[in-house]
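Let me begin by presenting the structure, written as structure tokens, before commenting on it.
Just the heavy atoms: all of them, side chains too, but no hydrogens, waters or symmetry mates, feed the values below. So that the names make sense, note that chain A is the first sequence line, chain B the second, and so on, each numbered from 1. Everything numeric here is computed off the predicted structure, so don't read it as measured data.
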Amino acid sequence: MLPYLVAVWILCWGLYGIVSSRHLFHLVLCLGVAQAATYVLLIGVGYKSGAAAPIYADISSSTPVVDPVVQALALVDIVVEATVAALLLALAMQTQKRFGTVDPDELHSLRG
Amino acid sequence: MSRPARFWLFGAGALALAAMLVLAIVDLPGFGHYPGPYGDLIEQGGESATHATDLVTAVNFDYRAYDTLGEEFILFAAVLGIAIVLRDRRGERKRAPGAPGTEGGLVRPSAALGMVGLAMVGPLVVLGIEIAVHGHLTPGGGFQGGLPLGSAVFLAFLGGEYAAMKKVAPHAAVELGEAAGAAGYALVGLGGLLFATAFFQNFIDRGEPGRLLSAGTIPLSNIAVALEVAGAFLLLWIEFSDQALLVVPDDSGDEEG
């Protein structure tokens with residue numbers, strides 16, 4: 001139960017960071033924090049008490065292991081998070097160049 | 001909306017969200033009591049079916065190889081998007097690499113930093129290749145191995161000179177490497193269609209589990225993905241470095257666009 005609650009906790013703090021952000025770079029990092037909740041949730045869902053990591057390189061093939069599917073999904077999650085962060089940082093960079101500020105509160109309207 | 005009002009609204013929303021999530025969690029199987037069935041099926045038959053000892057890689061590059069193709073193209077598309085977002089804007093001035101002004105700050109690090117950076121290049125290349133080619137045996141794979149490979153090239157740039165970096169790894173070559181990696185992985189999938197029965201069917205002899213040459217197409221996929229990831233992240237870092245080092249800063253904030 002506790003790991004799932006930790007995931008909710010991380011998500012809410014990440015969202016708080018996004019809402020309270022005064023800098024677009026900080027905002028992108030907070031989005032990363034919020035997304036980290038999904039890693040905790042995924043890995044938590046796949047855990048089996050007393051099971052080993054799903055790598056049979058040095059354990060016998062009858063050893064119980066945790067779910068490898070959610071671990072593969074966590075990898076996909078990380079890749080997507082990295083690309084989203086990079087794309088958002090590029091947009092933040094252009095925002096700075098164009099409007100001279102990266103404080104979301106000072107960006108009142110989007111201009112084309 | 002004023003800042004305090006926004007916080008009150010967020011507080012109410014966040015409390016409601018947290019309450020709903022906690023309600024949903026209460027009905028989940030308890031932590032440590034994995035309900036199955038997919039993980040159990042792969043645990044029982046995964047190694048004998050794929051001959052890969054790392055089941056996470058077996059899932060990524062065999063059971064879910066098709067989805068990994070999508071994941072790879074997400075990365076490809078994102079880097080393309082960044083190149084478009086950071087394109088030269090109208091009226092924007094860019095220094096030529098190596099021109100006066102690109103020599104300060106980031107471009108010429110202290111001698112110690114440069115030495116450490118350059119000393120790390122070799123070990124990082126070896127580490128990246130090691131992680132990528134052993135992906136089907138031990139923790140690792142193309143995505144995890146590609147990053148150290150890309151970082152190694154980028155460290156060589158950071159430790160040396162930015163202008164020299166552009167000569168060693170021209171933009172076009174990095175793009176070609178990335179595209180070759182992306183296409184290579186798709187070709188592995190097509191090979192399954194040609195030499196076996198379905199897209200991404202494992203069509204190469206699977207060998208003996210635990211050996212470097214085993215698990216059929218999985219190591220090939222890992223190498224292709226490593227190339228793609230290294231190229232993609234290198235392109236990304238080059239785009240950002242160009243912005244930091246070559247674009248002439250305009251403090252006034254260009255309102256015209």
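In terms of heavy-atom pairs under 4.5 angstrom with chain B, the leader among Gly44(A), Cys12(A), Ala7(A), Ser20(A) is Ser20(A). Among Val69(A), Val8(A), Leu89(A), Val19(A), the residue with the largest count of heavy-atom pairs under 4.5 Å with chain B is Val19(A). Of the residues considered (Val66(A), Thr101(A), Val45(A)), Val45(A) shows the highest number of contacts with chain B, using heavy-atom pairs under 4.5 Å.
When heavy atoms are compared at a cutoff of 4.5 Å, Met93(A) approaches chain B solely by way of its side chain, counted from C-beta outward. Looking at Ala82(A), the atoms closer than 4.5 Å to chain B (heavy atoms on both sides) all sit in the side chain, from C-beta outward. Neither the backbone nor the side chain of Tyr63(B) comes within contact range of chain A, judged by heavy atoms closer than 4.5 Å. Both the backbone and the side chain of Leu75(A) come within contact range of chain B, with heavy atoms under 4.5 Å apart. Contact annotation for Leu75(B): both backbone and side-chain heavy atoms come within less than 4.5 Å of a heavy atom of chain A. At a 4.5 Å heavy-atom cutoff, the contact between Pro29(B) and chain A is made by backbone atoms alone. Contact annotation for Leu236(B): only side-chain heavy atoms (C-beta onward) come within less than 4.5 Å of a heavy atom of chain A. Neither the backbone nor the side chain of Ile78(A) comes within contact range of chain B, judged by heavy atoms closer than 4.5 Å.
For Tyr47(A) and Tyr34(B), the gap between ring centers reaches or exceeds 6.0 Å.
A donor-acceptor contact shorter than 3.5 Å is absent between the side chain of Gln71(A) and the backbone of Val56(B).
With a 4.5 Å cut-off on side-chain heavy atoms, Glu72(B) and Val79(A) do not count as touching. Counting heavy atoms from C-beta on, the side chains of His33(B) and Lys48(A) never come closer than 4.5 Å.
The side chain to side chain contact (heavy atoms under 4.5 Å, CB included) test with Leu91(A) is passed by exactly one of Leu86(B), Ile82(B), Val85(B): Val85(B).
In this structure, OG on Ser62(A) lies 10.0 Å from CD on Glu43(B), to the nearest 0.5 angstrom.
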